[in-house]
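Worksheet for the structure shown next.
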Amino acid sequence: MRTGARRLKHLILVVVAATLLAVASAQTLTIAHNQDPVTLNPLLTTAAANEAIIQATMEKLAVFEPGTMRTIPWLLEGWEFRSETELVLTLKPGISFSNGEPLNAEAVRFSIDAWRQQPVMAQASAGLKDAELEVVDDLHLIVRTKAPVPTLITRLGRYGYVVPPAYYAEVGPEGFGQAPIGTGPYLFDAHEAGSRVLFSRNDAYWRGTPGYEHVVFRIMPDDFARGAALEAGEVDIAYLLSDTAADRLQSVDGVEVHSLLGLRKFLAAYNAEMPGGEPLLDPNVRLALNYAVDVQAIVDSVFGGKAATLGGEFALPAEFGYSEVEPFGYDPERARQMLAAAGYPNGFPVTLAYTVGTYPKDKEVGEILASYLESVGLTVTQRALEWGQFNTERKERTLGHIIAFGLLFSPDLDFTFNYMAFGKEARGAPLLTWSDEWWTAYNESARTVDPDRRAELYAQLLQIDRESPYGIYLFAPYDYYGTRTTVEGFVPREDQFLFLYDVKPKD
Amino acid sequence: MFGVPVSYIAGRLLQAVPTLLVLLALVFFLVRLTGDPAQLYLGDFATPEAVAELRSTWGLDRPVYLQFFDYVRGLLKGDLGQSLRYSKPVATLIGERFGASLGLAAAGLALSVIVSLPLGTIAALNRGRWLDNLIRFLIVIGQAVPRFYLAILFILLFGLYLRILPTSGSGTWRHLVLPAVALSLPTTALLARLTRSAVLDVISQDFIRTARAKGVPPARINYRHVLRNSLMAPITVITIQFSQLIGGSVVVETVFGWPGLGQLAIQSVYTRDFVLIQGIVLVMTLIVIVVNVITDVAYGLIDPRVRYR
């Protein structure tokens, strides 16, 4: 009798403990993240992985809509261009920072000012550096730029975080990076270096009460470990998995794998001005090398088909101004004929440089590229380099005649064409000489605010780049995320950010 | 200290100062040949003006020898400098991670010592028998399998299939088990092999034969004469391994998401955070120096024939 009572007592205790454990785990959203944030101040970083954490507590004036990557208002109610150089921003009313400071036009002015003063943001804030900011009233701010900035709204969608002025001034940029305060759905609690970043629910969040009591970002640099933790039920969301980890998780009960085409696009760019690179000044040679490479086969063999080939344009559908042009296709015979017609029947020697360990499977892609180029007669010397060395030599122009790498731009083709236009002098980008026709279209696009006209000009530029390619246009890989089926509302985004307010526990 | 003259220890530490200075100078100048951190930070789209501004903010536009003198001057005041990327004192960053690395290395080494010494001894005392063959087989496996592979196998076996230990992370003793075992296995194998060789060497010595002839019980011979005289070689390796385990556990820390110094070191190299790299190298060098002195002291404790001069 006494033994029975004791057993019952134990059973009750076990049930209560299990229930408490279940409730506690339902109240905490745990995310396996790939990087320890260098700072939590969004005005000091442009790394998407850092921002994915920061956005639990910090918000921007505008955001990119998942799926279309169109810039849509967030803390803003809307915007209006009064002229090509005058933009009126209207804020949503009634929003406060979690320390009680109001989100008003003065806070936006302060934030843009703080942002554009940071040396690390010099490029991100281009066009806004010398803009005049006028606070009209609590909800309206006028931005007057010296010249038209077509990507002004896109830049606000990418970088337009708002910080509470009084607190930011009190703690300074570095202090803010260690204890950020924003308008977001969760409040920052602690950052345990290299281990975890902790947040708790912001009950006064302007969109309503978030779904979880706590959010924990666990820092797990290894993507296999992130996948394993998800499979074991130790985390609810696994951020950015590799294709192999994603494949493994496809068949696991209680786990859902999300994939989507990211914004990073890869090419093997031509560096025609490096000694020995003269053949690459001929558009027919540049075109021929695009016919020489079977990009679809690379995607199939290296990425298991989980990447999109770029076809005939160095552009992605999610980028503003995208239009499809005729894809090159794989035609080695045509490539050989074109090389022969250009005066290189036996090919010519080139150095092909690529990174190792920077992008997924970059070394494999580099080696396959080399074999395709050799198959049409080129003599290829391969250079496989670590990213730091790769980047340094690229700037010094000594890297190679053909340089394989990836570029991640904000979703507007202005950034791509700007890179092609000015990368040559300023950024250690591969070197090419553009035609007058290209420069005319680019210069007009760079000062045109009207989106329709810009789109027309980009279509024209894409067509020119199809006929006289900047490099061998390769592919854009998919991004992978995993979630437990106990959470709902997770939407993978092309910009790799996490919008945690929408993530809730499933009933 | 432990019968070792303090002057001897002080002398050994003083001898290390030139080594430390030469190493610091080498690291300081060499890392500056590996790329521009400002360009890396600002990325592909930075203008030369932006890069120049950031270099100036970080003080990298000044002559390198001046930067070095300032750095050494700071060190003499106990200042390891400010990390370029984290905008935090290097000492703080290292301090945040050092405990985790030390804990992992200590656990890994303790495990190695506890397992390897008996294993090596047992193998040697059973030379040529099935137990020796089995242990030697395990030693080969332990030395041949890379740590990252072991780490993945452990996660699959204990974290996913058996579900008895967390797959990764830190915070409790349960989180420590898998990384410590993964870290320790190659060291365990190495120590077991060395111990086996050392024991085999000692048991063929005349004094052991004499002890046996005198009828000293085997257990006493093994403990008092064989083991103690076989420890010199393993102890040298144990101390070297300890400093290697603290700094060299990058792979294990990465796979298990362990927040240690290895992860920080690799991140500082990727981002060319010169000041942080210098700080980590300095700390690791100091550890090696201190560990070497401790090794010398340990020799004397184990072998009375060792004299300090």
Side-chain angles (χ1 to χ4, degrees), chain A residues 32 35-36 38-39 41 44 46-47 118-124 126 173-174 177-178 192-196 218-222 224-235 252 357-358 386-395 405 407-409 415 418-419 422-423 425-429, chain B residues 33-58 83 85-88 92-93 95-97 100 148 151-152 155-156 159-160 163 166-171 251 253-261 263-264 266-267 269-273:
Chain A
Q35 272 182 33
D36 190 34
V38 168
T39 176
N41 182 348
L44 293 181
T46 56
Q118 290 299 332
V120 293
M121 290 294 176
Q123 193 58 33
E174 274 77 38
Q178 288 165 40
E192 297 167 3
S195 177
R196 299 187 302 170
R218 275 179 54 185
I219 311 304
M220 303 167 73
D222 187 79
F224 167 78
R226 292 197 294 282
L230 184 74
E231 188 175 344
E234 294 168 18
V235 301
V252 173
T358 304
E386 178 271 338
W387 172 246
Q389 194 59 30
F390 181 92
N391 206 33
T392 303
E393 288 201 34
R394 185 167 51 156
K395 195 160 179 281
F405 62 109
L407 285 165
L408 178 67
F409 294 108
F415 294 93
N418 180 275
Y419 182 80
F422 299 115
E425 276 78 24
R427 295 166 202 152
Chain B
L33 298 175
T34 62
D36 180 1
Q39 180 68 45
L40 270 177
Y41 197 155
L42 294 175
D44 284 335
F45 319 119
T47 60
E49 294 76 29
V51 174
E53 197 182 338
L54 190 57
R55 285 180 60 79
S56 168
T57 306
W58 284 344
S83 155
R85 274 292 172 113
Y86 289 86
S87 302
K88 279 165 98 174
T92 308
L93 288 166
E96 285 171 348
R97 310 285 190 115
F148 80 90
I152 289 172
I155 289 175
L156 285 172
L160 291 181
R163 304 234 168 173
T167 56
S168 60
S170 60
V251 172
E253 286 186 7
T254 303
V255 175
F256 288 105
W258 190 261
L261 216 49
Q263 261 196 59
L264 189 68
I266 205 88
Q267 211 167 349
V269 170
Y270 279 146
T271 57
R272 300 296 191 270
D273 191 335

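Each chain gets a letter, A, B and so on, in the order the sequences are listed, and its residues count up from 1.
- Heavy-atom distances place both the backbone and the side chain of Ser87(B) under 4.5 Å from chain A.
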Practice problem: Give the intermediate values and the outcome of side chain to side chain contact (heavy atoms under 4.5 Å, CB included) for residues Thr167(B) and Arg226(A). | Solution: CA-CA 9 Å; Thr167(B) 56; Arg226(A) 292 197 294 282; over 6 Å; no
Practice problem: Could you go through the side chain to side chain contact (heavy atoms under 4.5 Å, CB included) check for Phe224(A) and Ile152(B) one step at a time? | Solution: CA-CA 8 Å; Phe224(A) 167 78; Ile152(B) 289 172; 3.6 Å; yes
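- Contact of Thr254(B) with chain A is made through backbone and side chain together, with heavy-atom distances under 4.5 Å.
- Of the listed residues Gly233(A), Ala229(A), Pro173(A), the one with more heavy-atom pairs under 4.5 angstrom with chain B than any other is Ala229(A).
- Interface residue Glu231(A): backbone and side-chain heavy atoms are both found under 4.5 Å from chain B.
- You'll find the side chain of Asp36(A) reaches within 4.5 Å of the side chain of Arg97(B), heavy atoms only.
- A salt bridge between Arg272(B) and Glu386(A) is present, with a side-chain N of the basic residue lying under 4.0 Å from a carboxylate O of the acidic one.
- Separating the CD1 atom in Ile219(A) from the CH2 atom in Trp258(B) is a distance of 15.0 Å, to the nearest 0.5 Å.
- For Ser195(A), the parts lying near chain B are the backbone and the side chain together; criterion is any non-hydrogen pair under 4.5 Å.
- Residue Gln35(A) does not touch chain B at all, counting heavy-atom pairs closer than 4.5 Å.
- When all heavy atoms are compared, the tightest approach of Asp222(A) to Val255(B) is CB-CA, 3.7 Å.
- Side-chain contact of Ser168(B) with Arg218(A): a donor-acceptor pair under 3.5 Å is present, judged by distance alone.
- Side chains of Glu192(A) and Pro259(B) form no contact here, defined as non-hydrogen atoms less than 4.5 Å apart.
- Options Leu156(B), Thr57(B), Leu264(B) differ in how many heavy-atom pairs under 4.5 Å they form with chain A, and the most are formed by Leu156(B).
- Both the backbone and the side chain of Arg85(B) come within contact range of chain A, each with at least one heavy atom under 4.5 Å from a heavy atom of that chain.
- With chain A as partner, the option from Val269(B), Thr271(B), Ile155(B) having the largest number of non-hydrogen pairs under 4.5 angstrom is Ile155(B).
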